[in-house]
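The structure under discussion appears below in the form of structure tokens.
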Amino acid sequence: MTLDILAYAAFFLSMALTYAIICLGLNVQWGMTGLFNVGIAAFVAVGAYTSALLTTPPSPDRFGGFDLPIFVGWLGAAITSGLLSWAVGALTIRLRSDYLAIATFGIAVTVQLCMLNLQPITGGAFGIGFIPRPFAGLQENALLFSLANFGVMALVVLALYLGLEHLAKSPWGRVLRAIREDEMAAQALGKRPIRFRLQAFSLGGAIMGLAGAAQAHFIGFIAPDNYMPILTFQVWAMLIVGGSGNNRGAIAGAVLVWGLWALSAAAVSSFVPAEQQARAASLQIVAIGVGLCLMLLWRPRGLFGEVSPLTRLKSLRRAPSKE
Amino acid sequence: MTGSILSTSGLVAGYEPDLPIVHGIDFSVASGELVVLLGPNGAGKSTFVKAIAGLVPIHAGTMLLNGRDITHVAPHRKVAEGLAFVPQTENVFATMTILENLQIAVAHLAKAKRAAAIEALFARFPDLAARPSRLAGALSGGQRQMLAVARALALDPPVIILDEPSAGLSPKIVSEVFEMLKAINASGVTVLLVEQNVKAALAIASRAVILAEGRIAHEGLPQDLASDPLVGKIYLGTAHDHQKAPA
Amino acid sequence: MNPQFIMDGLIAGAIIGLGAVGVTLTYSILRFSNFAHGELLSWGAYLALAVAGALGTLSAGLTKPIAPFSFGWALPLAAVIAIGLTGLLALAVDALLFSSFRRRGSAIIIMVMASFGASLALRSLLEFLFTSRPAYFTKALQIAMKLGGGLRATPDQLLMLGVTLVSVVTVHLLMTRTDIGRAMRAVSENPALASIAGIDVRRVIRTTWFLGAALACVAGIMSGLLIQIRPYIGHDLLLPLFAAAILGGIGSVPGAMLAGLIIGLCEALAVQAVGAEWRAAVSFVILIAVLLVRPRGLFGKAS
Ligand SMILES: Nc1ncnc2c1ncn2[C@@H]1O[C@H](COP(=O)(O)OP(=O)(O)OP(=O)(O)O)[C@@H](O)[C@H]1O
Ligand SMILES: [Mg+2]
């Protein structure tokens, strides 16, 4: 019994940590750089599908299945999503700040379409199954299997955390901060803000791709339904709750919000009559939306956050009226 | 000369909450005066008059217009109370035509009176009347300044504040602008004029105030200021240089 | 190729154009891209549905179709009421949410993000209230009339084109010929200058919300009448709306309408040429092309 609980806890935490990875990626884009990405689901999905194509065994009814090792899949995922982010960023970062938001929204819609309609590559609505899982050999022993997977996720998160903390203190991170604080001054010092922003956006996207791959291999199958706009909302809620600009907050926010989400979903499925469950689920989403707005209004620094991009971005451009 | 029409007491203002630019100014303009506000670049002249107009947050102090407290009144309400302001830059709607700029300015009048009001402005500024459908953004600096002043006058204000209306204009136009200001003042409008063009401004002013580092450094009659060597050297030196420097 | 795509494209384009006019107005005056604008379309459609339903229960005569259209008087009456209600909804969201950010002088992107949260909440609230089952304004079927040139349209569709034309011309005249329209353009160019020119900026902002929401409501009702009403109609139209607003040039009412028609026609063409499943990608392709070639759009001002 306790072993079951332990196995479940490891499973739950592993899932939460995959979100923590996405959240760390978003933190590079938003927290460190102030770039607003509304298409998180797309970058995660591209990573997941890339890794799935690279690592699954060959399949007669669709392109690929290259049967490559899992880590090659993960690497490929990061590279593809990174390149996609680079392309979107290169197009829009020089424009108004919200054009990037609109473009990433467009990417999310388009990637969703591609997943559904490029059947020969993506498997259409049914997605791709039989994605190799790390430590498949341990699958007999549920506890050991869960713990091993949890260990891998924890290692990835730790490595990313340390790497990003290091990066924030590096010259690159300092330039990024300088740009965020005073774009004009940084420009005058010969730093090209667009280039640094673009690099940060691509790095964030690559991390999201990696997260997508990690999630895909952890679950074992993927389908377009996993990458609906709600995923984007969830990750934003995680980062806002955790406090943007703060890597530890991003991780804590991911675990907390995922926990709340899973708990309330469990409550809905056990207490709400079956015919009302869809409605209850939409209330759950209303709560996320309202929560996001309330956090922005009342606790813009997040529950754990120290620095907020709100104050930093303030000087960039102001809203029209003072009342 | 009658009593004070516009006054501030202990006015502290600035763009950011904990960064005052204007440090407690006690200042008053009497009805019918033409007061010129001088001071080096960055002294806080624009900030001070923008605060009066309601465009810069006020941290402390009060201001009165016609004896009414207008410290925290919204900018458009101040206009309705009789305070017109011509900012230093971006003082016309560049994407709109001359006529539309004026139509906005006369919108407070009853519909029946608007056409006549615009006609009167065109009569006063024949340059603008020539092609009323031109975009304000396509006007020359001098024409733009005319339009900005016309826009402010259309509000029919008892008090008008102008922030460096002569900046960037050729000497000939500058003297026209000053003539115009004199005439406006003579028609009974109280004028507060921020200027770098010290000589010309002092020539038409009834009183001068010098601002430095966000505080009033000196106040007096134009002729006294002009002849006071110390004041000229300390506070107006930059202004004189500025005037002589090639544009 | 079947020329019917022109009619389909015009009607879809009319809906997109109306929505995009609202987006372009709110964008140019409130200065942020409102991701919750699509939800105003959905709410407009559902509010009209609810009011029409209530009117129908009051008097069955109101549901009897007005020949040659498919709906009874209940729908136009409900539309008028729904326009007002949608406007109030937009004002309420502004009062509760966006006005606080304006007061604090928050960055644009914070408002964008708040609008994103608001869109999620508003959409899911519709799903909660009305479920995601499609609903219909009318069950009556209409026969398309031949218009010549191989084109066919139902009376409803022709009415929609007429309503769109009247709406856009009205908004255009409002913007160019009236005090409030000039005030809106003034605020969109320079809010500080507008305020010292005697314009009540808050009133202009309220008017903008109301106008944008009213147009969104009309577009939502049209979309609901054309196909069906679902909580996602607004969300699915959001990308075309943004693409049209940017293609038309932010702030340009005729631009947004024309761009809406262009996008509608391109979508209809793509449906014939490539297949209906790719329809949603058309706006994205157009958006990318505009951002690459001419980010300020057809009639936008260079910034
Ligand atoms: N929009 C602004 N935001 C923040 N600080 C500002 C802003 N405008 C001016 N300042 C600061 O306020 C101070 C005073 O500027 P202000 O424009 O009032 O000077 P001024 O006396 O009008 O100078 P000038 O003669 O050059 O017009 C300056 O230090 C300036 O940097
Ligand atoms: Mg100045």
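Here is how names work: the chains are called A, B, and so on, in the same order as the sequence lines, proteins then strands, and each is numbered from 1.
At a 4.5 Å heavy-atom cutoff, the contact between Ile240(A) and chain C is made by side-chain atoms alone. For Ser119(C), the part lying near chain A is the side chain, with the backbone staying farther off; criterion is any non-hydrogen pair under 4.5 Å. For a residue to count as touching a neighbouring chain, one of its non-hydrogen atoms must lie under 4.5 Å from one of that chain's; by this rule Ser97(A) touches chain C with backbone and side chain alike. At a 4.5 Å heavy-atom cutoff, Ile286(C) makes no contact with chain A through either its backbone or its side chain. Looking at Val290(A), the atoms closer than 4.5 Å to chain C (heavy atoms on both sides) sit in the backbone and in the side chain alike. Heavy-atom distances place both the backbone and the side chain of Leu239(C) under 4.5 Å from chain A. Using a 4.5 Å cut-off between heavy atoms, Ile102(A) contacts chain C through both its backbone and its side chain. With a 4.5 angstrom heavy-atom cutoff, Ala101(A) touches chain C via backbone and side-chain atoms both.
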Which is it for Leu30(C) and Trp209(C) under the side chain to side chain contact (heavy atoms under 4.5 Å, CB included) test, yes or no, and what are the steps along the way? CA-CA 9 Å; Leu30(C) 297 147; Trp209(C) 276 118; 3.6 Å; yes

List the steps, then state whether ring pair (Phe, Tyr, Trp, His ring centres under 6.0 Å) holds for Trp236(A) with Phe36(A).
CA-CA 10 Å; Trp236(A) 268 107; Phe36(A) 189 55; 4.8 Å; yes

(Q) Asp200(C) vs Arg202(C), test: salt bridge (Lys or Arg N to Asp or Glu O under 4.0 Å). Steps then yes/no. (A) CA-CA 6 Å; Asp200(C) 182 350; Arg202(C) 290 166 69 172; 5.8 Å; no

Requested in this report: Quick one: do Ile233(C) and Gln228(C) satisfy side chain to side chain contact (heavy atoms under 4.5 Å, CB included)? Show the steps, please.
Outcome: CA-CA 9 Å; Ile233(C) 44 178; Gln228(C) 54 183 212; 6.0 Å; no

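Interface residues of residues 120-130 of chain C toward chain A, defined by a heavy-atom distance below 4.5 Å and sorted by number: Leu120(C), Ala121(C), Arg123(C), Ser124(C), Leu125(C), Glu127(C), Phe128(C), Leu129(C), Phe130(C). Using a 4.5 Å cut-off between non-hydrogen atoms, the part of residues 33-46 of chain C that approaches chain A consists of Ser33(C), Phe35(C).
Aromatic ring centres of Phe116(C) and Phe105(A) lie farther apart than the 6.0 Å criterion allows. A distance of 6.0 Å or more separates the ring centres of Tyr27(C) and Phe242(C).
Side-chain polar atoms of Tyr99(A) and Arg94(A) form no donor-acceptor pair below 3.5 angstrom.
Legend: residues meeting side chain to side chain donor-acceptor pair (under 3.5 Å) with Asn117(A), ordered by chain and number and at least two apart, are absent. Residues satisfying the salt bridge (charged side-chain N to carboxylate O under 4.0 Å, His left out) test with Asp225(A), not counting sequence neighbours, are none.
Put simply, CG on Leu91(A) and CG on Leu292(C) are 4.5 Å apart, with the number rounded to the nearest 0.5 Å. In this structure, the separation between CZ on Arg31(C) and OG1 on Thr26(C) is 13.0 Å, given to the nearest 0.5 Å. Here the SG atom belonging to Cys23(A) is positioned 4.5 Å from the CG atom belonging to Leu239(A), to the nearest 0.5 angstrom.
Listed options Asp236(C), Ile246(C), Leu96(C) were ranked by heavy-atom pairs under 4.5 angstrom with chain A; first place goes to Ile246(C). By number of non-hydrogen pairs under 4.5 angstrom with chain C, the leading residue of Leu294(A), Leu292(A), Val286(A), Val109(A) is Val286(A).
Dense packing is recorded around CZ of Arg294(C), with more than 12 heavy atoms of other residues, nucleotides or ligands lying under 6.0 Å away.
In this structure the side chain of Ile15(C) reaches within 4.5 angstrom of the side chain of Leu237(C), judged on heavy atoms.
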